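Structure, as structure tokens:
Source: prediction; values computed, not measured. Just follow the structure's listing: the first ligand is 1, and inside any ligand the first atom is 1.
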Amino acid sequence: MADNLISSYTQEERIKTLIYSDAADACSHVATEIASLIRTRNEAGKATVLGLATGSTPVRLYRELIRMHREEGLSFQNVITFNLDEYYGLSGDHPESYRRFMQDQLFDHVDLKLENTHVPDGLVEREDVFTSCQTYEEAIRAAGGIDIQILGIGRTGHIGFNEPGSDAQTRTRLVTLDSLTRRDAARDFLGEENVPRHAITMGVGTILDARKLYLLAWGEAKAPVLAESVEGEPTDSIPASFLQQHDDCEFCIDLAAAGHLTRVRYPWLVGPVEWTPEMVRKSVVWLAGKVEKPLLKLTDEDYAENGMADLLTEKGSAYNLNIDLFNITQHTITGWPGGKPNADDSSRPERANPFPKRSLILSPEPMDDVYCLGGTMHRLANQGHDVTVAYATSGNLAVPDPDVRRAIELIMEVGQERENQDDIGFARSVEEQLNAKGQFGEDTRDIRHVKGLIRRGEARSSARLLEIPAGQVRFLDLPFYEEGRYRRFKWGDADVSAMVNLLEELKPHQIFATGLGHDPLSVTSICFEVLRAALNECANSEWISDCRIWLYRGPGAEWDTHEIDMAVPLSPDEFEYKIRGIYQHQTQRSQSPSTLRKSGSDSWNLASQLNRSTAETYDDLGLAEYEAIEGFKLWNADKPE
Ligand code: GLP
């Protein structure tokens, strides 16, 4: 077992699954395997055939292969590649085509011969698709078959673009994309309506023919479908589950993506566990949910019948356990997220002193703050704390073009009324840049600037509602975001020093942040890594020893109840405030009414569902009944997450 593996326990699992502490470790394992095969083949004068995937998931793997090429002389001269899939209707130079992605992420940086790289042709005529797919299969066979196939997984359980319904015999073909898949790609295409409806993909059967398979997955969003693929019956409703039929397939995943595997989620069900306080809390809360009883009504039989007899022996009786857990959960609840001044704080989540506190709310993009902790922000401001909201990135990539047109028309009109040639000239120039870029072109600096300003306005307006003074709303505009695009961000020293400057200026007593467990290439996760690096740089500053870091989970998710160290209940009125705060982010409305109709929800009511469901769980556990709850977890940087 490699040192960097969290565990390699495989009971219940039908596919060999290796859980790594992070994506970097997993990628270095897979890159080493690939490199060693290439070297062996190169020495024997033989070619290596690689099956490649796109998406955020393999990006780190490709970066590692590029590094090995540059620093360790790994040669790709004798490597032949076949990509899994391509969007139908996109040419190879379209910014979102998989051909272009591969060129940018790997092919252009190593000594691969262009003629040895294969990506299905997205522009083939409809009547030629069948032949073209057969030719693709034939080319794979002619190359000797795929030695190593890299795979990611979509949230529908798809591999390549084999959506639910694809059986194990399918071959390379034209497919229709699932609506969830199209929604997941909407951000890249700046709107779901721009995402192609079809794709050409290798079939599940084509994939199963490869000699060795590695499936990679990072981040909690993949956890549910991953567990179903590994532990469930093989079924065409989760095409990745057919990988169980392959005798040399490894899943290499990070801890967040492993979160729904039985051995991670309910370890007491599969073997002996160490009953740490966290494990006890996790298991008892799970038990209450399973038997549908409040904590104080759990019986000895409930524990014994659900794999927790040894816990009972250790703690004496259900009675003791129940009371302990009730008290622990009760003490997470507080209406004073900044601590209650002049009160006994021995069993409160946040300390009473100092008061007021300097509270820093770090939001990866505008809206993440109010979406996840708008109620708490309002409370903190109302209770007299010195609250600063800092937006790490401008969020300008998420603003649709029509909103920019509206903004520049306004600038133009004001300019004309006041005869200000500078404003008129600027508005005209941005309009021309918009016209020139077309539907899929990249935004120019000016366009991104205006988009950023629009989001600033929305963020200020939301903060105003939450009673946070305009002077305490800060925009860091971290360079990694301003200079990058989705899936291609790279952060560095300039980002960290901007964060260090903010921290050293504010010297916060508490920081609210998010990003742990998210897809490592996501904006949210990168912002967290920047914060982590900045905190390391500030390690010797005095303020840091008196600073607590509260993690919020979202956007789009909430902590499980057993993970919550501070639960801030919201009254119906306060909840209303929060929702109004979210409404200020008008450019972030779901852009497509049909998506809204189909999913029945957009970010605004998703936030309310999450907060309401946390409140319901507290209620079910036998605690007080609230309208909504925002949950936070205390981060201890020294402990593994
Ligand atoms: C797309 C690709 C898949 C990929 C999936 C997950 O659908 N066709 O091959 O595995 O997205 O993408 P990501 O890695 O960005 O999560």
### Query
Considering residues, nucleotides and ligands other than Asp108, do more than 12 of their heavy atoms fall under 6.0 Å from its CG?
yes

Residue, atom name and distance, where the atom is the protein heavy atom closest to [atom]:
| atom | result |
| --- | --- |
| atom 3 (C) of ligand 1 | Gly160 O, 3.5 Å |
| atom 1 (C) of ligand 1 | Tyr98 OH, 3.4 Å |
| atom 7 (O) of ligand 1 | His158 NE2, 2.7 Å |
| atom 6 (C) of ligand 1 | Ile153 O, 3.5 Å |
| atom 12 (O) of ligand 1 | Gly55 CA, 4.1 Å |
| atom 4 (C) of ligand 1 | Thr54 O, 4.0 Å |
| atom 8 (N) of ligand 1 | Asp85 OD2, 2.7 Å |

Find all atoms of ligand 1 within a distance of less than 4.0 Å from any non-hydrogen atom belonging to [X], and give their numbers and elements.
| X | result |
| --- | --- |
| Arg487 | 13 (P), 15 (O) |
| Thr57 | 13 (P), 14 (O), 16 (O) |
| Gly152 | 10 (O) |

Which of Glu482, Glu365, Lys451 passes side chain to side chain donor-acceptor pair (under 3.5 Å) with Asn396? It is Glu482

May I ask you to check whether [X] and [Y] show a side-chain donor-acceptor distance below 3.5 Å?
| X | Y | value |
| --- | --- | --- |
| Arg99 | Ser91 | no |
| Thr262 | Glu231 | yes |
| Arg173 | Thr206 | no |

*asked:* In terms of relative ring orientation, are Phe480 and Phe489 parallel, tilted or perpendicular, with 30° and 60° separating the classes?
replied: perpendicular

Report task. Indicate the ring-plane relationship of Tyr98 and Phe161, choosing parallel, tilted or perpendicular according to the 30° and 60° boundaries. Result -> parallel

The residue among Arg448, Lys437, Arg485 that forms salt bridge (charged side-chain N to carboxylate O under 4.0 Å, His left out) with Glu442 is Arg485

So, is Ser56 polar-close to ligand 1, with some N/O to N/O distance under 3.5 Å? yes

Polar atom proximity, Lys222 to ligand 1 (N or O, under 3.5 Å) = yes

d(Met68 CE, Ile34 CD1) to nearest 0.5 Å is 8.5 Å

Under 4.0 Å between heavy atoms, the region of Asp184 that gets near ligand 1 turns out to be neither

